[in-house]
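Notes follow once the structure below has been shown.
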Amino acid sequence: ALPISDWPLPERPLLRSDGPLRVFLHPDAGKPEKLWPTHRFARVLADAARRRPIACAVNGVRRRHVRSLRWRLLASRVRLSVAPFDPSCATLREALSQSDIAIGCDSGPMHYAAVLGVPTLVVYGRYTAAEFGPPWRSLAVEPPAGCDADAVSTTAVAAALESLVERLSRDPFVRDRKST
């Protein structure tokens, strides 16, 4: 059997430099200690949109997240659309297949994105990427040991996003799991 890190992944082209960066965002998690505040995701995306336009499909599991993002991103260069909740996961799969990068809290949709071969940037809480993170095309941002996800700084996630975009512009097969 192949080690997990050697599993074949779907082909992915280099990130295009023309057009918007297509981001899938899942700002939710099943446990409170895994949640990173929605307004911080908005700040990271708005900051990244200063360098390049962003088309963001937000996973609309909780309406309050969608409303918060919509208002916070109104003045930025981020086009926001909603991938509504669908128990069959067909909408989720479609949104992920249209994305260059998936960003979110440690959660099922982020693991699903990784399995589909979509590069991910995941904000972890006290459950570390070493325990639960995929070893391919994923970049983990973790808080200090034993802390919840809300201890992760906006600066750390913004830097990780910038690094991931730059790396994927050169090599679509990012396989290492680096923690910031």
Side-chain angles (χ1 to χ4, degrees), residues 1-15 20-38 40-42 44-45 48 54-66 69 78-142 148-149 152 157 160-161 163-165 167-168 171-180:
L2 288 174
I4 290 175
S5 60
D6 291 336
W7 284 4
L9 292 171
E11 291 284 331
R12 298 238 7 136
L14 290 173
L15 284 183
L21 178 65
R22 299 170 305 168
V23 174
F24 173 85
L25 174 63
H26 184 73
D28 203 3
K31 296 181 178 180
E33 60 270 16
K34 292 180 165 189
L35 284 174
W36 200 58
T38 304
R40 292 189 193 170
F41 281 116
V44 167
L45 291 174
I54 294 178
C56 178
V58 62
N59 194 13
V61 175
R62 296 191 192 211
R63 288 186 181 162
R64 65 186 163 96
H65 292 304
V66 174
L69 287 165
V78 177
R79 281 193 339 253
L80 191 67
S81 62
V82 177
F85 176 71
D86 170 13
S88 74
C89 293
T91 305
L92 176 60
R93 183 180 178 92
E94 179 63 24
L96 287 168
S97 72
Q98 305 274 327
S99 300
D100 297 316
I101 295 174
I103 301 173
C105 299
D106 176 22
S107 60
M110 297 307 294
H111 294 282
Y112 188 47
V115 167
L116 293 175
V118 178
T120 62
L121 188 156
V122 182
V123 178
Y124 283 84
R126 62 179 81 152
Y127 311 104
T128 68
E131 292 178 88
F132 298 105
W136 59 86
R137 288 189 189 147
S138 190
L139 189 62
V141 185
E142 298 178 325
D148 292 346
V152 172
V157 176
L161 177 58
S163 170
L164 185 60
V165 167
R167 288 167 62 191
L168 291 170
D171 177 14
F173 286 98
V174 174
R175 287 190 179 268
D176 56 338
R177 187 181 346 155
K178 302 242 189 237
S179 296
T180 306

Hey, does Leu25 have a side-chain heavy atom less than 4.5 Å from the side chain of Leu80? no
Any donor-acceptor pair under 3.5 Å from Ser88 side chain to Ala90 backbone: yes
Are His111 and Asp106 packed together at the side-chain level, in the sense that at least one heavy-atom pair is separated by less than 4.5 angstrom? yes
Could you work out, with side chain to side chain donor-acceptor pair (under 3.5 Å) as the rule, every residue matching Thr91, not counting sequence neighbours? Asp86
Min side-chain heavy-atom separation Tyr112-Leu92 under 4.5 Å: yes
With rounding to the nearest 0.5 Å, note down the distance linking OG1 in Thr120 to NE2 in His26. 13.0 Å
From CZ (Arg22) to OG (Ser81), nearest 0.5 Å: 11.5 Å
Rounded to the nearest 0.5 angstrom, the CD1-SG distance for Ile101 and Cys56 is 11.5 Å
Is Lys31 close to Tyr127 at the side-chain level, that is, under 4.5 Å between some pair of heavy atoms? yes
Validation row: Ile103, Leu45 side chains within 4.5 angstrom (heavy atoms): yes
Check whether more than 12 heavy atoms from other residues, nucleotides or ligands sit under 6.0 Å from atom CZ of Arg126, and answer yes or no. yes
Taking the side chain as every heavy atom from C-beta outward, state whether Val141 and Trp36 have any pair of such atoms under 4.5 Å apart. no
Note: Glu142 and Ala129 closest approach over all heavy atoms is OE2-N, 2.5 Å
Backbone N/O of Ala95 and side chain of Ser99: donor-acceptor pair under 3.5 Å: yes
Measuring from atom NE2 of His65 to atom CG of Asn59, what distance do you get when rounded to the nearest 0.5 angstrom? 10.0 Å
Distance, nearest 0.5 Å, that separates CG of Asp28 from CE of Met110: 12.0 Å
Would you say Asp100 and Leu168 make side-chain contact, with heavy atoms under 4.5 Å? no
Are Val123 and Arg40 packed together at the side-chain level, in the sense that at least one heavy-atom pair is separated by less than 4.5 angstrom? no
